[in-house]
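Chain identifiers are assigned alphabetically (A, B, ...) following the order of the sequence lines, protein sequences preceding nucleic acid strands; residue numbering begins at 1 within each chain. Fair warning: this is a prediction, and the values are worked out from it, not measured in the lab.
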Number of protein chains: 2
Amino acid sequence: MRSGLTIGEFARATHLSVRTLRRYHESGLLEPAAVDPSSGYRYYAVEQIPSAQVIHRLRELDVPLAEVGKIIATDDPDRRADLVAVHLERLQETLERTRAAVTSLQRLLRPAPGDLEVELRSEPAALVAGITDILSLDEVLPWYDGAMAELDAAVAQPAGPPGGHYDNELFAEGRGTVLVYYPVAEAPSHGRVRPVELPAVELAATIHHGPHDDIDVTYGRLATWVHEHALAVAGPVQETYSVGPRDDPDPAAWRTGIAWPVFRVS
Amino acid sequence: MRSGLTIGEFARATHLSVRTLRRYHESGLLEPAAVDPSSGYRYYAVEQIPSAQVIHRLRELDVPLAEVGKIIATDDPDRRADLVAVHLERLQETLERTRAAVTSLQRLLRPAPGDLEVELRSEPAALVAGITDILSLDEVLPWYDGAMAELDAAVAQPAGPPGGHYDNELFAEGRGTVLVYYPVAEAPSHGRVRPVELPAVELAATIHHGPHDDIDVTYGRLATWVHEHALAVAGPVQETYSVGPRDDPDPAAWRTGIAWPVFRVS
DNA sequence: GTTGACTCTCTCCCCGGGAGAGGGTGCAGG
DNA sequence: CCTGCACCCTCTCCCGGGGAGAGAGTCAAC
């Protein structure tokens with residue numbers, strides 16, 4: 001009997017390619033049980049098959065080789081499970097993103113009828129209680145959560161769903177003025193919360209259905225619509241969170257109003 | 001007003017990187033609306049945003065650039081949907097494989113108690129109706145389907161669940177003898193179906209639960225068990241399909257007996 | 001001993017993008 | 001008008017995780 005399996009036999013037993021096994025040897029990920037010093041032939045032991053299988057599975061899950069090395073070098077099953085758990089979470093996230101990409105792709109390629117109903121309407125002036133700040137694009141999300149919490153505490157009787165204004169510079173230049181608010185009858189002034197008088201404007205408005213992952217699709221549509229109707233944008237985009245995470249935990253149920261102040265370019 | 005968005009603005013609007021947009025231009029995937037001939041500056045139009053969004057989604061789904069090019073160049077929404085459907089199917093398959101990899105990885109790292117119960121038992125001689133052939137590894141699956149169909153037709157009253165013997169050379173050398181059979185009381189001889197007398201053997205036997213994606217894990221375990229118990233393999237591996245796709249469509253319910261003829265190496 | 005299937009090492013190629021160098025531009029403020 | 005500064009240009013190199021193939025050496029069965 002030979003001293004073990006040749007690389008080809010081991011490759012067939014583990015469904016890894018010969019090429020790949022050699023790379024794993026070079027990188028120290030999976031050392032053959034023996035290497036003939038004269039011929040350089042690699043020989044693998046049957047007991048190495050489970051390790052190879054673990055590596056194969058991890059690679060199927062796109063775990064980088066370095067990480068695979070750490071995992072199989074760890075003996076303690078608990079610590080090993082922890083290392084693996086990180087990647088399982090990552091998989092979960094990519095799965096979510098993939099799902100979101102698929103649905104918004106379908107929406108992009110096959111606009112459902114009534115998917116983009118843009119309405120041109122006149123919005124009267126309104127009094128709101130708001131928090132405003134100058135932010136860069138990636139600061140917006142965390143800032144939003146804090147500001148909304150403060151608004152929730154300061155405004156007892158909102159006269160409608162919350163909204164936000166996002167300066168176009170924010171998207172064009174990466175930095176701009178942001179305002180979040182509740183419409184109110186009488187505006188409190190408390191902490192960062194200030195009364196703001198929103199002027200009357202002409203709006204091109206639509207509603208985005210579902211989670212915000214693909215809200216840029218609706219933005220794109222709205223921008224195209226505005227362009228096609230020979231209108232031009234006159235101010236910050238206005239979002240209205242008529243159904244948000246507070247109202248319904250299911251993202252599919254969310255409704256977000258998106259509107260741009262516009263004027264006619266004849 | 002400028003002739004369009006600069007590459008940086010367009011990058012922020014579409015969440016693509018400047019670098020990536022330049023590559024897309026070079027490869028003809030997304031041409032800027034205008035390029036300043038003196039400075040070489042790229043200028044993008046607002047109407048290009050939806051295209052960029054489609055590209056972004058497709059790339060998130062790991063569609064290769066060439067394929068993305070085809071898709072966005074296609075005007076007919078039906079043909080475009082067909083092109084996309086191919087990739088959605090591919091995603092579905094990888095999703096299945098990922099799931100399978102995760103479950104079998106967990107089984108590999110955290111063997112459930114009772115997950116590997118190996119039994120050493122004496123199997124008496126038996127008469128079976130079988131089809132045999134010499135095959136290479138990747139011919140086995142298609143061949144199996146045909147052989148089982150023929151067996152089903154030839155054997156009216158099987159005396160037990162079907163089984164298969166796979167020569168160890170099949171795994172070691174990639175080519176070997178394969179036998180599939182039904183145990184019978186009286187063996188017909190019809191087409192490729194022949195009566196076969198299986199000899200009495202000593203078996204190290206276990207049962208694999210679930211789909212066959214990770215049957216190699218059970219094989220590895222069994223091999224290790226055999227090795228640890230100072231036994232050696234004396235013949236082809238025997239599989240018994242006690243619950244298979246014919247019995248239950250749910251792969252999780254499948255039960256596959258796996259056994260190796262062994263002898264003691266003292 | 002022959003032969004043919006393996007195996008060895010070596011080099012080059014793939015995708016899709018990140019990083020950074022080195023230099024040219026657009027535009028607002030003074 | 002100049003200056004500063006953020007932006008833009010092209011260019012080259014790098015990455016992971018292999019695939020492909022050349023050219024030579026080896027194993028083992030007949």
Side-chain angles (χ1 to χ4, degrees), chain A residues 1-30 32-44 52 55-70 87 136-137 169 171-176, chain B residues 1-30 32-44 52 55-69 87 90 136-137 169 171-176:
Chain A
M1 184 125 180
R2 261 171 329 190
S3 44
L5 305 169
T6 68
I7 197 170
E9 292 165 356
F10 195 70
R12 280 187 292 269
T14 59
H15 300 119
L16 292 162
S17 80
V18 170
R19 182 78 177 74
T20 300
L21 285 172
R22 287 204 267 256
R23 291 181 58 83
Y24 290 173
H25 180 198
E26 284 168 32
S27 59
L29 198 57
L30 184 68
V35 178
D36 186 313
S38 71
S39 71
Y41 275 33
R42 297 164 175 87
Y43 293 99
Y44 292 83
I55 297 175
H56 195 178
R57 263 49 176 209
L58 289 170
R59 287 297 308 135
E60 274 189 293
L61 303 179
D62 278 329
V63 177
L65 285 186
E67 201 65 16
V68 173
K70 273 193 230 163
H87 294 285
S136 68
L137 211 45
E169 288 181 11
F171 306 103
E173 292 162 33
R175 195 170 177 78
Chain B
M1 185 130 181
R2 260 172 327 191
S3 45
L5 304 170
T6 69
I7 197 169
E9 292 165 355
F10 194 69
R12 280 188 291 269
T14 58
H15 299 119
L16 291 163
S17 80
V18 170
R19 181 78 176 76
T20 301
L21 285 172
R22 288 204 267 252
R23 289 182 59 82
Y24 290 173
H25 179 198
E26 285 168 31
S27 59
L29 198 58
L30 184 68
V35 178
D36 185 315
S38 71
S39 70
Y41 276 32
R42 296 166 176 86
Y43 294 99
Y44 292 84
I55 297 175
H56 195 180
R57 262 50 174 208
L58 289 171
R59 287 296 309 135
E60 274 189 292
L61 302 180
D62 278 330
V63 177
L65 287 186
E67 201 65 16
V68 174
H87 295 285
R90 184 181 50 74
S136 69
L137 211 44
E169 286 181 12
F171 305 103
E173 291 163 34
R175 195 169 177 77

Open item on the list: Between B:R12 and B:E9 (salt bridge meaning N to carboxylate O under 4.0 Å), is one present in this structure?
Closed with: no

_Can you tell me if B:R42 touches the phosphate of D:dC8, counting only side-chain N or O atoms and a distance under 4.0 Å to OP1 or OP2?_
no

Between CD of A:E26 and C1' of C:dC10 the distance, given in whole Å, is 10 Å

From NE2 of B:H25 across to C1' of D:dC8 the rounded distance in Å is 14 Å

Checking the side chain of A:R57 only, and the main-chain atoms of A:L61 only, is there a donor and an acceptor separated by less than 3.5 Å?
no

note: B:I7, atom CD1; C:dT25, atom C1'; distance rounded to Å ~ 15 Å

Below 4.0 Å: OP1/OP2 of C:dG17 and any side-chain N or O of B:Y24:
yes

On the nucleotide D:dC27, are OP1 or OP2 found under 4.0 Å from the side-chain N or O atoms that A:S39 carries?
yes

| request: Measure from the side-chain N and O atoms of B:H25 to the backbone N and O of B:P32, and report whether any donor-acceptor pair falls under 3.5 Å. | output: no

If only side-chain N and O atoms of B:R22 are considered, is one of them under 4.0 Å from the OP1 or OP2 phosphate oxygen of C:dG17?
no

Separation of D:dC7 atom P from B:F10 atom CZ, nearest Å, is 18 Å

**Prompt:** Phosphate oxygens OP1/OP2 of C:dG18: is one of them under 4.0 Å from a side-chain N or O of B:T20?
**Reply:** yes

Below 3.5 Å, does any donor atom in the side chain of A:Y41 face an acceptor in the base of C:dC6, or the other way round?
yes

Walking DNA chain D from its 5' end, the first of A:D62 and B:R12 to be reached, judged by nearest nucleotide, is B:R12

message = Can you tell me if B:T6 touches the phosphate of D:dC8, counting only side-chain N or O atoms and a distance under 4.0 Å to OP1 or OP2?
response = yes

A:L21 atom CG is separated from D:dG19 atom P, nearest whole Å, by 11 Å

A:R23 atom CZ is separated from C:dT11 atom P, nearest whole Å, by 14 Å

Inset, instruction - Hey, can you tell me if A:Y44 and A:F10 have their rings parallel, tilted or perpendicular (30° and 60° cut-offs)? - result: parallel

Here the distance between atom P of C:dG16 and atom CG of B:L58, to the nearest Å, is 12 Å

- For A:R59 and D:dG17, is the shortest distance between a side-chain N/O and OP1 or OP2 below 4.0 Å? yes

When rounded to whole Å, the CZ to C1' distance for the pair B:R19 and D:dC13 reads 11 Å

Quiz item: Do the side chains of B:V35 and B:Y43 get nearer than 4.5 Å, heavy atoms only?
Solution: no

Comparing nearest nucleotides in DNA chain C, the 5'-proximal residue of the pair B:S38, B:L65 is B:L65

